[in-house]
S.K.: 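Please read through the structure below; I'll follow up with questions.
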Amino acid sequence: MAAKATSTIACEAFSRHLRQGIGRKTRGLNLKIRYLSTKAAFPKSSARIESTDVPCIVQMQHMLARYKDRPGGVASLAQGIVHWGPPEEAMEAAQKAISDSTMNLYGPVDGSPELKQAIQDKLESENNIRNSKVMVTMGANQAYTNLVIALVDSGDPTILFKPYYFNHHMCLQMTGGAHNVILGGVTPDSLMPDSKWLEKTLESKLAAGSPVKMVTIVNPCNPTGVLIPGEKLREISDICERFGTWLVVDNTYEHFTYPEITGKDNAMHECVEGDNVVNIFSFSKAYGLMGWRIGYIAFPENLVEPLVKVQDTIPICPNILAQKHSPTTWRSQWV
């Protein structure tokens with residue numbers, strides 16, 4: 001019996017030792033597999049950018065590249081590109097400025113004093129904007145990005161009107177607001193933003209404890225070209241003000257109005273101004289300066305510090321050479 005007991009104990013000890021050894025080897029193998037798996041996996045991009053649309057213009061450019069050798073070529077109507085360039089005197093000013101050593105230095109974060117003054121004069125004489133501060137940006141798209149970062153948190157509801165400018169939607173998506181964008185409709189007969197829908201939506205969202213933070217409109221509209229008259233703009237502005245909502249108006253196509261063709265007295269571009277209103281403008285279209293990347297924002301004084309924080313983080317300052325170029329463009333009144 002003693003021998004049998006000893007044998008049993010020895011077998012159990014051997015079995016336990018074997019299991020421990022196998023266990024150690026298995027754990028080591030599992031660790032190695034997990035290490036190799038972790039090492040092989042490439043880090044993903046952010047959820048914000050994964051939820052952002054692919055830019056339709058880039059997709060169109062790739063498609064056109066595949067057909068570039070097609071007989072007769074392919075015409076693209078996808079992007080608003082003018083066929084003219086800046087006036088000759090503006091180009092001469094740019095060529096002269098390029099030899100200036102200050103072109104290699106950083107400039108004021110919100111733009112050169114000379115250009116800002118020229119913009120202020122233009123805003124007052126052409127747009128009836130008299131009480132807004134000005135910031136020069138690297139195009140209207142960067143102006144809009146500055147505003148979204150400065151005004152909107154990722155959980156804030158925002159409104160775009162269909163059909164919207166795709167980069168506005170993308171900007172709201174990539175800053176974390178993809179699931180909070182409310183797409184508003186337009187009146188079927190005019191394709192203008194439906195102000196009655198806007199008022200009801202702002203009211204219901206406020207009552208639900210989730211107020212809309214920002215409404216964006218483009219005037220004239222990209223992509224429809226519809227011009228929103230001043231009376232309608234003021235109505236939308238008043239509605240937004242009543243509900244404590246920012247109104248951002250993108251005026252990139254301000255000069256693309258044709259009263260002499262339409263025969264309508266109200267076919268003139270107008271702007272609105274207020275404590276809750278921000279206006280975006282661009283040099284790209286009417287002034288033929290697409291590649292120079294120069295635009296600007298007209299905004300209430302209480303947004304100076306928030307916008308400076310964003311501007312200093314993204315471009316540090318606007319393109320110095322483009323700013324030397326642009327005041328001459330203003331003086332030549334090239335439209």
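Below, each value reflects all heavy atoms present in this structure, side chains not excepted, and no hydrogens, waters or symmetry copies. Position 1 is the first residue of the sequence, and the numbers go up from there.
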S.K.: Would you kindly say whether Gln311 and Gln142 are connected by a side-chain donor-acceptor distance under 3.5 Å?
M.R.: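 Yes - a donor-acceptor pair under 3.5 Å links their side chains.
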S.K.: Strictly distance-based, threshold 3.5 Å: is any side-chain N or O of Thr137 a donor or acceptor partner for the main-chain N or O of Gly139?
M.R.: yes
S.K.: Quick check for you: to the nearest 0.5 Å, what is the distance between Tyr258 atom OH and Met268 atom CE?
M.R.: 12.5 Å
S.K.: Taking atom CG of Asp53 and atom CE of Met174, what is their separation to the nearest 0.5 Å?
M.R.: 9.5 Å
S.K.: I want to check something: taking the side chain as every heavy atom from C-beta on, are Leu202 and Thr245 in contact at a cut-off of under 4.5 Å?
M.R.: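 The answer is yes; the side chains approach within 4.5 Å.
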S.K.: Mind checking what makes side-chain contact (heavy atoms from CB on, under 4.5 Å) contact with Lys309, not counting sequence neighbours?
M.R.: Glu305
S.K.: Looking just at side-chain N and O atoms, do Gln173 and Ser51 make a donor-acceptor pair shorter than 3.5 Å?
M.R.: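 Gln173 vs Ser51: no donor-acceptor pair found between side chains.
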S.K.: Quick check: closest heavy atoms across Leu227 and Met192, and the distance to 0.1 Å?
M.R.: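 Heavy atoms of Leu227 and Met192 come nearest at O-CE, 3.3 Å.
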S.K.: Test side-chain contact (heavy atoms from CB on, under 4.5 Å) on Val181 and His169 and set out the steps.
M.R.: CA-CA 8 Å; Val181 179; His169 192 223; 3.9 Å; yes
S.K.: The criterion is salt bridge (charged side-chain N to carboxylate O under 4.0 Å, His left out); which residues satisfy it with Glu273, sequence neighbours excluded?
M.R.: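 None.
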S.K.: Is it true that the side chains of Glu124 and Asn128 contain a donor and an acceptor less than 3.5 Å apart?
M.R.: no
S.K.: Write out all pairs satisfying ring-ring contact (aromatic ring centres under 6.0 Å, His included) with one or both partners inside residues 104-144, taking only residues at least two apart or from two chains.
M.R.: Tyr144-His168
S.K.: Does Thr52 use its side chain to pair, donor to acceptor, with the backbone of Arg48 at less than 3.5 Å?
M.R.: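 Side chain of Thr52 to backbone of Arg48, a donor-acceptor pair under 3.5 Å: yes, one is there.
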S.K.: Can you tell me how far apart CD1 (Ile239) and OG (Ser195) are? Round to the nearest 0.5 Å.
M.R.: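 Ile239 CD1 to Ser195 OG: 5.0 Å, rounded to 0.5 Å.
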S.K.: For side-chain contact (heavy atoms from CB on, under 4.5 Å), just list the numbers for Met138 and Ile294, CA-CA rounded to whole Å, side-chain angles, deciding distance to a tenth of an Å, and then say yes or no.
M.R.: CA-CA 5 Å; Met138 299 284 280; Ile294 196 83; over 6 Å; no
S.K.: Partners of Phe166 by ring pair (Phe, Tyr, Trp, His ring centres under 6.0 Å), sequence neighbours excluded?
M.R.: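 With neighbours one apart ignored, the set is empty.
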S.K.: Less than 4.0 angstrom from a charged side-chain N to a carboxylate O is my criterion; do Lys122 and Glu254 meet it?
M.R.: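 Result for this pair is yes, salt bridge flagged.
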S.K.: Output the distance between atom CG (Leu247) and atom OG1 (Thr216), rounded to the nearest 0.5 Å.
M.R.: 8.0 Å
S.K.: Heavy atoms, side chains only, cut-off 4.5 Å: are Val308 and Val304 in contact?
M.R.: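 The answer is yes; the side chains approach within 4.5 Å.
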S.K.: Hey, would you say the His255 and Tyr287 ring centroids sit under 6.0 Å apart?
M.R.: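 Yes, the ring centres sit under 6.0 Å apart.
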S.K.: Which residue in the set Val212, Val215, Val278, Asp275 passes side chain to side chain contact (heavy atoms under 4.5 Å, CB included) when paired with Trp246?
M.R.: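 The side chain to side chain contact (heavy atoms under 4.5 Å, CB included) with Trp246 is passed solely by Val278 among Val212, Val215, Val278, Asp275.
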S.K.: Applying side-chain contact (heavy atoms from CB on, under 4.5 Å), run through Ile217 and Leu233 and close with a yes or a no.
M.R.: CA-CA 9 Å; Ile217 57 177; Leu233 278 176; 3.5 Å; yes
S.K.: Can you confirm whether the side chains of Thr252 and Lys285 place a donor and an acceptor under 3.5 Å from each other?
M.R.: no
S.K.: Check whether more than 12 heavy atoms from other residues, nucleotides or ligands sit under 6.0 Å from atom CD1 of Ile57, and answer yes or no.
M.R.: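 Check passes, neighbour count above 12.
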S.K.: Tyr296 vs Phe281 aromatic rings, parallel, tilted or perpendicular, using cut-offs 30° and 60°?
M.R.: parallel
S.K.: For residues 178-215, pull every pair meeting ring-ring contact (aromatic ring centres under 6.0 Å, His included), keeping only residues two or more places apart or in separate chains.
M.R.: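 Residue pairs passing ring-ring contact (aromatic ring centres under 6.0 Å, His included), neighbours aside: Phe161-Trp197.
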S.K.: So, the side chain of Trp292 versus the backbone of Phe283: is there a donor-acceptor pair under 3.5 Å, distance only?
M.R.: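 Between the backbone of Phe283 and the side chain of Trp292 there is no qualifying donor-acceptor contact (under 3.5 Å).
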S.K.: Can you name the residues that form a side-chain contact (heavy atoms from CB on, under 4.5 Å) with Val58, not counting sequence neighbours?
M.R.: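 With sequence neighbours excluded, Val58 shows a side-chain contact (heavy atoms from CB on, under 4.5 Å) to Pro55, Gln61, His62, given in chain and number order.
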S.K.: According to salt bridge (Lys or Arg N to Asp or Glu O under 4.0 Å), does anything in residues 138-152 pair up with another residue at least two apart or in another chain? List the pairs.
M.R.: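 Counting only pairs at least two positions apart or across chains, no salt bridge (Lys or Arg N to Asp or Glu O under 4.0 Å) contact touches residues 138-152.
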S.K.: Could you check whether any side-chain N or O of Asn127 sits under 3.5 Å from a backbone N or O of Cys271, counting only pairs where one atom can act as donor and the other as acceptor?
M.R.: no
S.K.: For the OG1 atom of Thr175 and the CD1 atom of Ile49, what is their distance to the nearest 0.5 Å?
M.R.: 9.5 Å
S.K.: Show the nearest heavy-atom pair for residues Ala322 and Asn319, with the distance to one decimal.
M.R.: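 Heavy atoms only, the tightest pair is N-OD1, 2.8 Å.
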S.K.: Side-chain heavy atoms under 4.5 Å apart, restricted to Ile/Leu/Val/Met/Phe/Trp/Tyr: what other residues fall into the cluster of Val310, or is it alone?
M.R.: Ile149, Ile314
S.K.: Would you say the side chain of Ile280 lies within less than 4.5 Å of the side chain of Leu147, judging by non-hydrogen atoms?
M.R.: yes
S.K.: Considering residues, nucleotides and ligands other than Met103, do more than 12 of their heavy atoms fall under 6.0 Å from its CE?
M.R.: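 Atom CE in Met103 is packed in, count exceeds 12.
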S.K.: Is any side-chain heavy atom of Tyr253 closer than 4.5 Å to one of His269?
M.R.: no
S.K.: Return yes if a side-chain donor-acceptor contact under 3.5 Å exists between Arg293 and Ser284, otherwise no.
M.R.: yes
S.K.: Looking at Pro318 and Pro108, what are the two nearest heavy atoms and their distance?
M.R.: CD-O, 3.7 Å
S.K.: Can you list everything that forms a side-chain contact (heavy atoms from CB on, under 4.5 Å) with Glu50? Sequence neighbours excluded, please.
M.R.: Ser45
S.K.: Tell me every residue that passes side-chain contact (heavy atoms from CB on, under 4.5 Å) with Arg234, counting only those two or more places apart in sequence or in another chain.
M.R.: Glu231, Glu270, Val272
S.K.: Assigning hydrophobic clusters by single linkage (Ile, Leu, Val, Met, Phe, Trp, Tyr; side-chain heavy-atom cutoff under 4.5 Å), is Val109 placed with Ile119?
M.R.: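 No; Ile119 is not reachable from Val109 via cluster members.
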S.K.: Establish whether Met135 and Met214 are linked, either directly or via other cluster members, by ILVMFWY side-chain heavy-atom contacts under 4.5 Å.
M.R.: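 In one cluster with Met135: Met214, yes.
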S.K.: Extract all donor-acceptor atom pairs below 3.5 Å that involve side chains of residues 151-159 and protein atoms in other chains or at least two apart in sequence.
M.R.:
{"residue": "Asp156", "atom": "OD2", "partner": "Asp153", "partner atom": "N", "Å": "2.8"}

S.K.: May I have all residue pairs that pass ring-ring contact (aromatic ring centres under 6.0 Å, His included) and include part of residues 221-242, sequence neighbours excluded?
M.R.: none
S.K.: For Gly111 and Gln323, work out which heavy atoms get closest and say how close.
M.R.: CA-OE1, 3.1 Å
S.K.: I'd like to know whether Lys162 forms a side-chain contact (heavy atoms from CB on, under 4.5 Å) with Val186, so could you lay out the CA-CA distance, the side-chain angles of the two residues, the decisive distance to 0.1 Å, and finally the verdict.
M.R.: CA-CA 7 Å; Lys162 298 182 294 184; Val186 296; 5.9 Å; no
S.K.: Could you check whether any side-chain N or O of Gln59 sits under 3.5 Å from a backbone N or O of Val54, counting only pairs where one atom can act as donor and the other as acceptor?
M.R.: yes
S.K.: In Å and rounded to the nearest 0.5 Å, what is the SG to CD distance from Cys240 to Glu235?
M.R.: 10.5 Å
S.K.: Would you say that more than 12 heavy atoms from the other residues, nucleotides or ligands in this model lie under 6.0 Å from the CZ of Arg70, or not?
M.R.: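 No, the 6.0 Å shell around CZ holds no more than 12 heavy atoms from other groups.
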